[in-house]
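Structure record follows, encoded as structure tokens.
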There are 4 protein chains.
Amino acid sequence: MRSDSSRTFTELARRRQIVDGAIDVLADEGYAAASLAAIAQRVGISKGVISYHFAGKDELLSEVVASVLAQAGEYMGPRVTAARPGLEALRAYVRSNLDFIDGHRRGLRALVEVLRGSPPRAGEPAPYGPEREDAVTALARMLAEGQRTGELTEFDTRHAAVALRASIDAVTELLRTDPDLDVQSYATDLLRLFEQGLAR
Amino acid sequence: MRSDSSRTFTELARRRQIVDGAIDVLADEGYAAASLAAIAQRVGISKGVISYHFAGKDELLSEVVASVLAQAGEYMGPRVTAARPGLEALRAYVRSNLDFIDGHRRGLRALVEVLRGSPPRAGEPAPYGPEREDAVTALARMLAEGQRTGELTEFDTRHAAVALRASIDAVTELLRTDPDLDVQSYATDLLRLFEQGLAR
Amino acid sequence: MRSDSSRTFTELARRRQIVDGAIDVLADEGYAAASLAAIAQRVGISKGVISYHFAGKDELLSEVVASVLAQAGEYMGPRVTAARPGLEALRAYVRSNLDFIDGHRRGLRALVEVLRGSPPRAGEPAPYGPEREDAVTALARMLAEGQRTGELTEFDTRHAAVALRASIDAVTELLRTDPDLDVQSYATDLLRLFEQGLAR
Amino acid sequence: MRSDSSRTFTELARRRQIVDGAIDVLADEGYAAASLAAIAQRVGISKGVISYHFAGKDELLSEVVASVLAQAGEYMGPRVTAARPGLEALRAYVRSNLDFIDGHRRGLRALVEVLRGSPPRAGEPAPYGPEREDAVTALARMLAEGQRTGELTEFDTRHAAVALRASIDAVTELLRTDPDLDVQSYATDLLRLFEQGLAR
DNA sequence: CATGAATGAGAGTTCATTCAT
DNA sequence: CATGAATGAACTCTCATTCAT
């Protein structure tokens, strides 16, 4: 993979444009309908351009995932960092994550489509499995920090992290069928549940 | 849809065999690779046989889902019914559900593949969305029952049900990357978390 | 081809039943939709029965054609024979033919479907070409007879026969789009046209 | 449907080439044998190319029909227009139509194959039924014009038009079994028949 | 840089036919 | 006699990819 800095400005702009088009198609029509032809049409370019700028469909979809994850990181990072380590950081994490999900529905929808649609390849880890694992691990670390500060009781941090991440991720799916879901309220309830459930 | 009783013994056996083959392929190679050709090859029959016994791929995949859900129902049903309504029933639900997941990994893997892979059709509800919704609703009812018995405090039962179902479902995904996961232990932790989190 | 007399009564009844079913499907749904499965379903038997009673689909369709042609012959034959040779016989031919077409729309529709749908085989005469040719020849003979009696002038009888047969056959097609067509009136006009056109 | 002018020169050439190949296969082997594979093989390209240039088989076959009809129009139009309205125009119509049929046997053969082979779709008019109807109507109008000029007597113009069109169309079928048919002579006989039959 | 054109593999589906029971 | 079951070939169509221009 070439780094961003090795690319010209125009090239980066084209890639950005294509990735955005892919997100649009994925969000609106789903993984199966997100053919290169459909994406090219949405962007208003020819299929060849995509092949020219991306090694293949896989790289394009990776870029979609990376793009959304990067945005999420940019949004959540400062908020979590600003919080006091431990319970407060956990709250910031959950709140900012759900805020982000609520505010970037299309991007999240596209992300989930790629995660769900990508076929596993024999002999390789599940597609985007490492990313998931990293997220769980990071969350487990925050919970452990809460234990260290004494705000949280003893429990298996990985198990709790798995449950919490799943509970957060469920919202994207939920929003599809119920766009009027009050995400803020869900965040509050989720935090109350986990705080009380994991409190000392 | 014809009923089981309108089918001959041989036909039911073939359908069963094909459904099992589909589950195998789905579990091992994922949704995208589960072509009729692949399934037929796995079973050792020709593609035409599948078309002969099923109206189409959709019906076959529906049968895969129905089959696993029916098995789950058979396993969980008696255990939940036997328990005292309220908290005890909730415990039976979570335990038996995770037990079932642990004991039917391939079936669950296949189920998830179908749920994830099935492309949405314009103007229709998300594929198997109703089934998901039903599961959440059933769980919410159990939580409400716990509130009525006084074992659980007041909270949004739907929100909690969403989180709990997501936390349970996460296990199937988890088992793919970590087959050694101690599901029993996860069940215990999950129950502790939710019981304490939702207790009066 | 076995003769009728070499068949048991039951067998003949079954063949009749299947041929009638084929006519129904052909008339209602067209050649392309007239699969053995569709015909078997319409009759209420299994596909195998058809294969048992007919050497193949070709023989079945031949039988459909033969059946309708035989009916037409039974209807028209006596009427034409009863007429005085020459112009009167010609009138009887055209009238009774159009009468028959008008009264056996489904059979004619089926007949036309088979004639149109049957794919030509390399090295063989056009399907049912001989039957068509026979019909033209017969008609040409009647016209020649009219010339001999002096009722008709000199002209190429084959050319006129071709035109007349085509003008008659056109009615079946016409009836499809315009079921209210007044066939009697068409017959009258057609006869006037040809009589005057070919009169001495 | 895109217009010709929105297509590149190369694309138009390819479409032309494919349409010609389709005509060849249709004329030589009939509708049933005119699969995309057969057409592609005849042209010497891969099946995909056809799908690339045509939305589907239907569009290709429509193009075959349109192509032949357009050629016919180009040939007949000026000849009919140049003639004095009434009987003379009618003569020009019949003569030029049969001339065209005689000179474009393969195209006509292909046209007839498509017309005959195209399966009817439930709820829609018969395939290319409107085109047929238009042809009959146009002919009826010419006959009516002949009545207005006093060259023709009173009769049902639609009935006569149906018969005349059928008599003309019969030639294509006839040419298949009898390639040596003298079309000119047939045209002469047909005109004499109809002129005398419809004359005042 | 970008395009249009072409490829070829693979998808699901249909269907006439065969055969053991 | 009749059936249900199975076959295997052929069908149209889709799509990621490649390539000459």
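Chain letters run A, B, ... following the sequence lines, proteins first, then strands; residues in each count from 1.
When distances are taken from the side chain of B:E11 to each of E:dA5, E:dT3, F:dA5, the shortest belongs to F:dA5. Taking the side chain of C:V49 as heavy atoms from C-beta on, and the options F:dT3, E:dG4, F:dT7, the nearest nucleotide is F:dT3.
Closest heavy-atom contact between C:I18 and C:V43: CA-CG2, 4.2 Å.
Both A:G44 and C:K57 lie close to DNA chain E; mapped to their nearest nucleotides by heavy-atom distance, the more 5′-ward contact belongs to A:G44. Comparing C:I45 and A:K47 by the nucleotide of DNA chain F that holds the closest heavy atom to each, the one mapping nearer the 5' end is C:I45. Comparing C:T10 and A:S51, the nucleotide of DNA chain F nearest to each residue sits closer to the 5' end for C:T10. Of the residues near DNA chain E, B:D58 and C:A37, the one whose nearest nucleotide (by heavy atom distance) lies more toward the 5' end is B:D58.
For C:Y52 and F:dA2, the shortest distance from a side-chain N or O to OP1 or OP2 is not below 4.0 Å. Using a 4.0 Å cut-off, some side-chain N or O of D:S35 falls inside it from OP1 or OP2 of F:dC11. Side-chain N/O atoms of A:H53 include one lying less than 4.0 angstrom from OP1 or OP2 on E:dA2. Checking the phosphate oxygens (OP1, OP2) of F:dG4, no side-chain nitrogen or oxygen of B:R14 falls inside 4.0 Å.
Residues D:R109 and D:E173 form a side-chain contact, since some pair of their non-hydrogen atoms from C-beta on lies under 4.5 Å apart. By the 4.5 Å heavy-atom criterion applied to side chains, A:Q17 and A:H53 are not counted as neighbours. No side-chain heavy atom of A:I23 sits under 4.5 Å from any side-chain heavy atom of A:L111. Contact of the A:L60 side chain with the A:I39 side chain is registered, since non-hydrogen atoms from C-beta on lie closer than 4.5 Å.
We find that CZ of C:F54 is positioned 16 Å from P of E:dT18, with the value rounded to whole Å. Rounded to an integer number of Å, the gap from CD of A:Q41 to P of E:dG4 is 12 Å. For C:I50 and E:dT18, the CD1 to C1' distance is 15 Å, given to the nearest whole Å. Straight-line distance from the CG atom of B:L61 to the P atom of E:dA11: 14 Å, rounded to whole Å. F:dA5 atom C1' lies 14 Å from atom CZ of B:R15, rounded to whole Å.
Shown here, E:dC15 forms a base pair with F:dG8; the pair counts as Watson-Crick or G-U wobble because both key distances fall under 3.5 Å. The pairing partner recorded for E:dC1 is none, the criterion being a Watson-Crick or G-U wobble arrangement whose two distances lie under 3.5 angstrom.
Within a 6.0 Å sphere centred on CD of B:E131, other residues, nucleotides and ligands contribute more than 12 heavy atoms.
In this structure, D:E113 does not pair ionically with C:R116, as no charged nitrogen and carboxylate oxygen lie closer than 4.0 Å. Classification of C:R16 and C:E63 as a salt-bridged pair fails, no side-chain N sitting under 4.0 Å from a carboxylate O.
The gap from the C1' atom of F:dT21 to that of E:dC1 amounts to 12 Å, rounded to the nearest Å.
C:L36 comes within 4.0 angstrom of a nucleotide base, judged by non-hydrogen atoms across all strands.
Residues of residues 20-34 of chain B having a heavy atom closer than 4.0 Å to DNA chain F: none are found.
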